[in-house]
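Report on one structure; see the data block that follows.
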Amino acid sequence: MTSISNKTEKFLEEGSWIRKMFEQGIALKKEFGENNIYDLSLGNPILSPPKEFFLNLSKIANEKNPSNHRYMPNAGLDETKAAIASNLNKSTTTNINKENIVITCGTGGALNVALKTLIDPNDQVIIFSPYFVEYKYYIDNHSGKTIIIGHDENYLPNFQQLDSAINKKTKVILINSPNNPTGVLYKKETLTKIGNLIRQKQKQFNSEIFILSDEPYRKIVFDNLETPNIFEFHDQSIIATSHSKDLGIPGERIGFIATNPLYSQSNKLINGMTFWNRALGFVNAPALMQRVIAMIQDSAVDIKSYEQKRDFLYSSLKKIGYSVIKPEGAFYMFPKSPIPDDVKYSEMLQKNKVLVVPGVGFGAPGHFRIAYCTTDEIIEKSIEAFKKTFDNIKR
Ligand SMILES: Cc1ncc(COP(=O)(O)O)c(C=O)c1O
């Protein structure tokens, strides 16, 4: 007999090893001091939000206008939706307008609202390994069925598997680019292939299959690359994103959903999502933040600084001998574990004071994830530990 549901019990148990690792990390920090443990396990960015963020935040707070802080339409403020649409239009010719936008409590809120609106119980949602840990829970929240597809050697979707997995119950294909945990960017060729395959399957099954594009790292891309806009590749497509990473404000819980204006039932989608934004209990995204982000859609954290961190970490790990794909965006790296057991290797790294997350947590055992959204000092100091752990393996 227990007070919590069997499902909660099961999910907590599934995640217990990751909690154990985090707890061990906290204990290590207590023992040796924060700065002597090289914590590369958390995607909590340390870069400062841009100065325009602080300027507008204090300006709006100082207005001391009570109506700034009241309830509002559940989809958000018109001026904010218009500013978001105009910024998104720089990456597409589809002509997004404010009626295509719902402002949400981060990407997490956006994904839950979108999935709730789209899926009936047992509808299938396809995700690709390695995947963001929360996807399975978000899909389960709305009684969907998660189908996991593997990857090729570049961590792009395995198209053969995808082809045979899509059936008449498939409602959503959830993609994430730039990707957490690999840093891989889905380029035009990959998105064209996904779009073509979906349209072929829609015809075959006389169904509608949506691409739900999870893209909180859209602006964090390197080497002068750009994140293609998914609306160019499939009409039934939805963007779910936030300013957690590009403005460095994950604690403020502000993001949005955009629907493709080329989709004939876009209005219906927006009505559904607006309803669920309310009925899932979010009601509306934080009012103060909506006013701030309306003013700074063209701003971002110092993306060059992430690129420099990537360059340093990537070349250092390669020099040691790690096998790793060079990330093109986000702030993660996903090296192969030099031993098959990634949990064991992560524990070995932990003994040398580096904290990472084993790949099994992302559905890709045999790897580990490094989050390099931390200080240069911590990254630099971690290199010796990566080398020591690597060199200690008996080969
Ligand atoms: C791939 C991915 N999706 C969604 C989220 C959730 O982000 P948010 O803070 O916008 O809810 C994260 C956060 O790390 C993420 O990495």
Side-chain angles (χ1 to χ4, degrees), residues 15 18 22 39-47 49 53 76 84 101-116 125-141 146 148 151 155-157 172-186 211-221 227 230 238-258 273 277 280-282 285-286 289-290 292-293 300-301 306 327-334 356-357 359 361-364 367 369-374:
I18 207 165
F22 284 134
D39 190 349
L40 305 173
S41 66
L42 296 174
N44 199 3
I46 55 105
L47 289 190
F53 170 78
I84 289 170
I101 308 292
V102 176
I103 308 176
T104 62
C105 293
T107 319
L111 289 169
N112 272 284
V113 166
L115 288 167
K116 184 77 176 172
V125 179
I126 289 181
I127 63 174
F128 300 95
S129 80
Y131 48 77
F132 179 53
V133 190
E134 307 292 59
Y135 286 164
K136 288 200 282 188
Y137 305 121
Y138 292 172
I139 294 164
D140 181 84
N141 282 346
T146 300
I148 301 169
H151 56 83
Y155 301 93
L156 290 168
V172 177
I173 298 193
L174 175 48
I175 62 173
N176 169 223
S177 164
N179 186 267
N180 174 9
T182 60
V184 164
L185 178 72
Y186 286 18
I211 299 180
L212 179 56
S213 181
D214 173 18
E215 38 189 76
Y217 307 97
R218 141 173 292 278
K219 289 188 183 169
I220 307 180
V221 280
T227 305
I230 193 63
I238 297 166
I239 293 172
T241 187
S242 75
H243 293 299
S244 293
K245 317 292 167 145
D246 62 25
L247 290 174
I249 51 170
E252 301 298 348
R253 312 309 305 137
I254 189 81
F256 62 88
I257 294 168
M273 290 174 179
N277 211 30
L280 284 173
F282 299 117
M289 280 304 131
Q290 290 201 38
V292 176
I293 63 157
V301 295
Y306 281 137
E328 293 169 323
F331 39 58
Y332 306 103
M333 229 173 260
F334 203 54
V356 298
V357 183
F362 304 92
H367 299 79
R369 188 194 74 173
I370 300 172
Y372 57 86
C373 48
T374 186

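Start at 1 and go down the list; that is how both ligands and their atoms are numbered. The first residue in the sequence is number 1, and the count goes up from there.
- Interface of Ser242 with ligand 1, defined as ligand atoms under 4.0 Å from a residue heavy atom, comprises 10 (O).
- A heavy-atom separation below 4.0 Å is found between Lys245 and ligand 1.
- Using cut-offs of 30° and 60° on the angle between ring planes, the pair Phe331 and Tyr217 is perpendicular.
- The option from Leu174, Ile249, Ile254, Asp214 that lies nearest to atom 1 (C) of ligand 1, judged by heavy atoms, is Asp214.
- Which parts of ligand 1 touch Asn180 is read off a 4.0 Å heavy-atom cut-off, strictly below it: atoms 1 (C), 15 (C), 16 (O).
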Side chain to side chain contact (heavy atoms under 4.5 Å, CB included) evaluation trace for Leu111 with Leu174: CA-CA 9 Å; Leu111 289 169; Leu174 175 48; 3.9 Å; yes

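- Looking at Asn176, its side chain does come within 3.5 Å of a backbone N or O of Asp214 through a donor-acceptor pair.
- Listed here is the closest heavy atom pair of Thr107 and Ala240: CG2-O, 3.5 Å.
- Among all non-hydrogen protein atoms, the one lying nearest atom 12 (C) of ligand 1 is Phe132 CZ, 3.4 Å.
- The shortest N/O to N/O separation between Tyr135 and ligand 1 does not fall below 3.5 Å.
- In terms of heavy atoms, Pro286 sits closest to Glu252 at CG-O, 3.6 Å.
- Any N or O atom pair closer than 3.5 Å counts here, and Ser244 shares at least one such pair with ligand 1.
- Of all atoms in ligand 1, listed by their number and element, those nearer than 4.0 Å to a heavy atom of Asn176 are 1 (C).
- The backbone N or O of Gly108 sits less than 3.5 Å from a side-chain atom of Asn112, completing a donor-acceptor pair.
- Any N or O atom pair closer than 3.5 Å counts here, and Arg253 shares at least one such pair with ligand 1.
- Annotation: Gly108 places an N or O atom under 3.5 Å from an N or O atom of ligand 1; distance criterion only.
- Ring centroid separation for the pair Phe334 and His151 does not come in under the 6.0 Å cut-off.
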